[in-house]
Amino acid sequence: MSKRSILVIYVLSGILTLVVYDYFLTTNIHNKEVFFQLQRAEGIVFLLSIGVILYLYLAKREEFKQLKEAEQRRRTLINSMVDFVNFKDGDGRWLESNTFGLQLFQLEHVDYKGKKDRELAEYSGFYKEALIYCEVSDEETWGKGEITRCEEIIPLPDGNHKTFDTIKVPLFHEDGSRKGLVVIGRDISERVVAEKQLFDSEQRYKSLFDHNPYPMLMLDLNGLITTVNPRFETVTGFQQEEIHGVSFINLKFSPEDAELIRTSCQYVMENHKGIKKGKDITFLTKYGKSILLSCTFVPMMVGEDLVGIITYAKEVTQIRETEARLRRTEKLSIVGELAASVAHEVRNPLTSLKGFVQLLKRDHPNEQYYTIMLSELDRINLIVSELLVLAKPQELPFSKHQIIELMNDVKTLLKPEADSYPTRISISVKNEIPLLLCEANQLKQVFINMLKNSMEASADHIWIDFERMDNNLTITIKDNGSGIEKKRLKHLGEPFYSSKEKGTGLGLTVSCRIIEAHRGKVRFNSKPNNGTEVQIILPI
């Protein structure tokens with residue numbers, strides 16, 4: 001009912017009431033004094049009713065004003081929100097939407113109230129499909145009967161899109177029928193982009209860490225291992241779950257190397273700078289193999305804060321072995337150049353000296369002196385011969401030989417010398433050994449050098465084992481002699497390095513050169529007072 005209808009009814013009912021009341025007085029009241037009293041009461045009642053009506057009007061007006069102000073504040077609030085806010089009735093008709101929502105769907109100049117999404121889609125060609133999908137999403141919320149939350153992607157005319165974190169709140173009457181739906185959508189496009197950038201960054205970092213060819217591990221500020229990459233697991237044999245939370249320096253390092261790691265970590269934490277250690281660190285793997293690691297320590301920063309340390313542990317075992325072989329090759333090259341220029345010049349006068357000494361020996365009373373001189377001349381001749389072997393690398397005439405027979409020949413040759421020490425030589429063959437393509441005389445020279453070294457090391461028993469392993473032949477020569485100190489093992493095979501009083505070191509150098517010419521390897525293992533073991537590995 002309109003305000004005008006209420007006013008007309010009120011005026012007509014008032015006039016009717018006055019007319020009926022006056023008619024009643026004039027027809028039923030004959031006493032004038034009573035008549036006037038009743039008229040006065042009528043006026044008072046009329047005034048009171050007018051006052052009550054006026055009061056109620058003013059009160060309602062104030063209440064309406066407050067409601068209007070609250071509505072205005074509400075409208076201001078939702079229109080100032082950067083979120084999409086929409087109110088719908090139980091049938092999905094739009095009741096109210098804020099300015100952001102109207103601008104989002106290009107409905108600023110559309111009378112949207114009372115219309116459904118599908119109807120509003122006709123006013124917004126670009127967002128037609130998006131508005132139609134809203135109805136589908138609303139029905140899903142109604143079907144669940146509870147607050148739902150999802151991410152909705154809204155395309156933009158410029159080809160980009162916005163992502164909204166949308167919350168839909170269904171409202172129901174007491175009887176369970178639909179009452180209304182509140183839709184709130186927050187624009188999280190920037191957050192989604194930031195999260196994607198962060199995800200991409202983490203994936204790049206993870207890829208760099210996981211697929212790095214170098215062993216890598218992360219340490220916290222207490223030096224405890226938090227993460228290792230697959231390469232670290234492959235090289236060291238330790239799995240992530242085995243060493244998580246373990247102190248890095250408590251792994252298998254020597255005390256000296258552990259102290260080096262501790263000082264490096266301390267430097268990184270104090271200076272927030274990376275450091276690379278020049279000294280290689282010896283590490284014992286899970287399987288007992290000793291490897292060399294070249295470690296670099298760098299800070300792991302989050303903003304300005306240090307949260308940990310990343311360690312790159314490059315395995316340099318093969319590199320250092322190659323460098324050692326190169327150095328040895330360089331030494332051999334220098335020796336060879338020296339030998340080539342000196343050996344022949346020395347041998348010619350040496351032959352003359354030896355001949356004249358032999359003549360003088362027959363006619364001179366001090367024969368022992370000449371014997372010593374001849375012995376030393378023979379020794380000089382031997383050194384020159386070995387120098388010539390180093391100086392003249394040449395293509396060897398390989399042929400097939402039974403290596404066991406070669407060793408037996410050497411054993412027979414050295415038997416008198418072995419008996420003089422005395423030393424017993426035992427040969428054992430663990431499996432069938434095929435013919436070997438080799439240069440027999442040179443391999444005999446290697447065996448003679450090795451066996452003589454064992455006898456001169458005060459060994460009373462020498463064991464020689466032959467064993468075929470896949471495509472290789474392993475010859476192990478083991479004695480129970482005095483042994484060699486660890487610090488001297490790494491120098492074996494170097495020219496002019498010898499522990500013997502009159503040794504030149506060229507015997508082992510020549511032996512290693514011969515084995516290398518046969519594409520083989522020589523390995524030494526020894527401890528003081530525990531004998532020495534030499535492994536000669538030759539390809540079959």
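- Asn229 places a side-chain N or O within donor-acceptor distance of the main-chain N or O of Tyr214, the cut-off being under 3.5 Å.
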For this session: Please report the C-alpha distance between His244 and Glu241 in whole Å, then the side-chain angles of each, then the deciding distance to 0.1 Å, and finally whether the side-chain contact (heavy atoms from CB on, under 4.5 Å) criterion is met.
Result: CA-CA 5 Å; His244 178 78; Glu241 56 273 11; 5.9 Å; no
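- Closest non-hydrogen pair, Met216 versus Tyr312, comes out as CE-CE2, 3.4 Å.
- Other residues, nucleotides and ligands contribute at most 12 non-hydrogen atoms within 6.0 Å of the CD atom of Glu129.
- Contact of the Lys314 side chain with the Ile319 side chain is registered, since non-hydrogen atoms from C-beta on lie closer than 4.5 Å.
- Judged purely by distance below 3.5 Å, without hydrogens or angles, the side chains of Ser97 and Asn86 never pair a donor atom with an acceptor atom.
- Rounded to the nearest 0.5 Å, atoms CG (Leu217) and OG1 (Thr226) are 8.0 Å apart.
- Separating the CD atom in Glu242 from the OG1 atom in Thr236 is a distance of 8.5 Å, to the nearest 0.5 Å.
- More than 12 heavy-atom neighbours from other residues, nucleotides or ligands sit within 6.0 angstrom of CG on Asn431.
- Contact check on Asp117 versus Lys88 returns a salt bridge, with a Lys/Arg side-chain nitrogen under 4.0 Å from an Asp/Glu carboxylate oxygen.
- Within 6.0 Å of CD in Glu108 there are more than 12 heavy atoms belonging to other residues, nucleotides or ligands.
- Leu131 approaches Ala121 most closely through the heavy-atom pair CD1-CA, 3.7 Å.
- Between the Ser526 side chain and the Gly483 main chain, no donor and acceptor come within less than 3.5 Å of each other.
- Note that the CD1 atom of Ile462 and the CD1 atom of Ile427 stand 10.5 Å from one another [nearest 0.5 Å].
- Taking a 6.0 Å sphere around CZ of Arg424, one finds it holds 12 or fewer heavy atoms contributed by other residues, nucleotides or ligands.
- For the pair Leu414/Lys452, a side-chain contact is recorded, criterion being any heavy-atom separation below 4.5 Å from C-beta on.
- Looking at heavy atoms from C-beta onward, Asp257 lies out of side-chain contact with Leu293 at the 4.5 angstrom threshold.
- Proximity of a side-chain donor or acceptor of Asp479 to a complementary backbone N or O of Thr532 within less than 3.5 Å is detected.
- Here Lys168 contributes atom NZ and Leu181 contributes atom CG; the two are 6.5 Å apart, rounded to the nearest 0.5 Å.
- The two residues Phe398 and Ala517 have their closest heavy-atom pair at CZ-O, 3.9 Å.
- Contact of the Glu439 side chain with the Asn441 side chain is registered, since non-hydrogen atoms from C-beta on lie closer than 4.5 Å.
- Between the Glu233 side chain and the Gln240 main chain, a donor and an acceptor come within less than 3.5 Å of each other.
- Counting non-hydrogen atoms of neighbouring residues, nucleotides and ligands closer than 6.0 angstrom, the CD atom of Glu190 reaches no more than 12 such neighbours.
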Exercise. Can you list the steps and then say if Ile188 with Glu151 is a side-chain contact (heavy atoms from CB on, under 4.5 Å)?
Worked result: CA-CA 9 Å; Ile188 58 170; Glu151 289 187 3; 3.7 Å; yes
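- Shown here for Ile540 and Pro434, the closest heavy-atom pair between the two residues is CG2-CG, 3.7 Å.
- With hydrogens and angles ignored, the 3.5 Å screen pairs a side-chain donor or acceptor of Asn480 with a backbone N or O of Asp460.
- Of the candidates Ile425, Leu451, Val446, Ile477 forms a side-chain contact (heavy atoms from CB on, under 4.5 Å) with just one, namely Leu451.
- A donor-acceptor contact shorter than 3.5 Å is absent between the side chain of Asn222 and the backbone of Leu224.
- Ring-centre distance between Phe248 and Phe253: below the 6.0 Å cut-off.
- Counting only distance, with no hydrogens or angles, the side chain of Thr234 and the backbone of Pro230 share a donor-acceptor pair below 3.5 Å.
- Counting heavy atoms from C-beta outward, Phe238 and Val228 have side chains that stay 4.5 Å or more apart.
- A pairwise comparison of heavy atoms in Leu538 and Gly520 identifies CD2-CA, 4.2 Å as the closest pair.
- Nearest heavy-atom pair, Thr423 versus Ala459, reported as atom, atom and distance to 0.1 Å: OG1-O, 2.7 Å.
- At a threshold of 4.5 Å between non-hydrogen side-chain atoms, the residues Leu260 and Glu256 do not count as touching.
- In this structure, CG on Asn525 lies 8.5 Å from CD on Gln535, to the nearest 0.5 angstrom.
- Judged by distance alone, the side chain of Thr317 and the main-chain N or O of Leu292 form a donor-acceptor pair under 3.5 Å.
- At most 12 non-hydrogen atoms from other residues, nucleotides or ligands lie less than 6.0 angstrom from CE of Met469.
- Under a 3.5 Å cut-off, the side chain of Asn98 and the backbone N or O of Val85 do form a donor-acceptor pair.
- Under the 4.5 Å side-chain criterion, counting only non-hydrogen atoms from C-beta, Phe447 is not in contact with Lys411.
- Between Glu304 and His272, every side-chain heavy-atom pair lies at or beyond the 4.5 Å cut-off.
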Problem set entry | Chi angles and distances behind the side-chain contact (heavy atoms from CB on, under 4.5 Å) call for Thr148, Glu140 | CA-CA 9 Å; Thr148 60; Glu140 292 177 356; over 6 Å; no
Exercise. Does the side-chain contact (heavy atoms from CB on, under 4.5 Å) test come out yes or no for Ile537 and Arg523, once each step is laid out?
Worked result: CA-CA 8 Å; Ile537 302 173; Arg523 295 174 182 169; 3.8 Å; yes
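- Centroid-to-centroid, the aromatic rings of Phe105 and Phe84 come within less than 6.0 Å.
- Salt bridge absent: Glu516 and Arg513 never bring a charged side-chain N and a carboxylate O closer than 4.0 Å.
- With values rounded to the nearest 0.5 angstrom, Thr263 atom OG1 is found 7.0 Å from Ile275 atom CD1.
- Using modelled atom types, no side-chain atom of Arg320 and backbone atom of Thr322 make a donor-acceptor pair closer than 3.5 Å.
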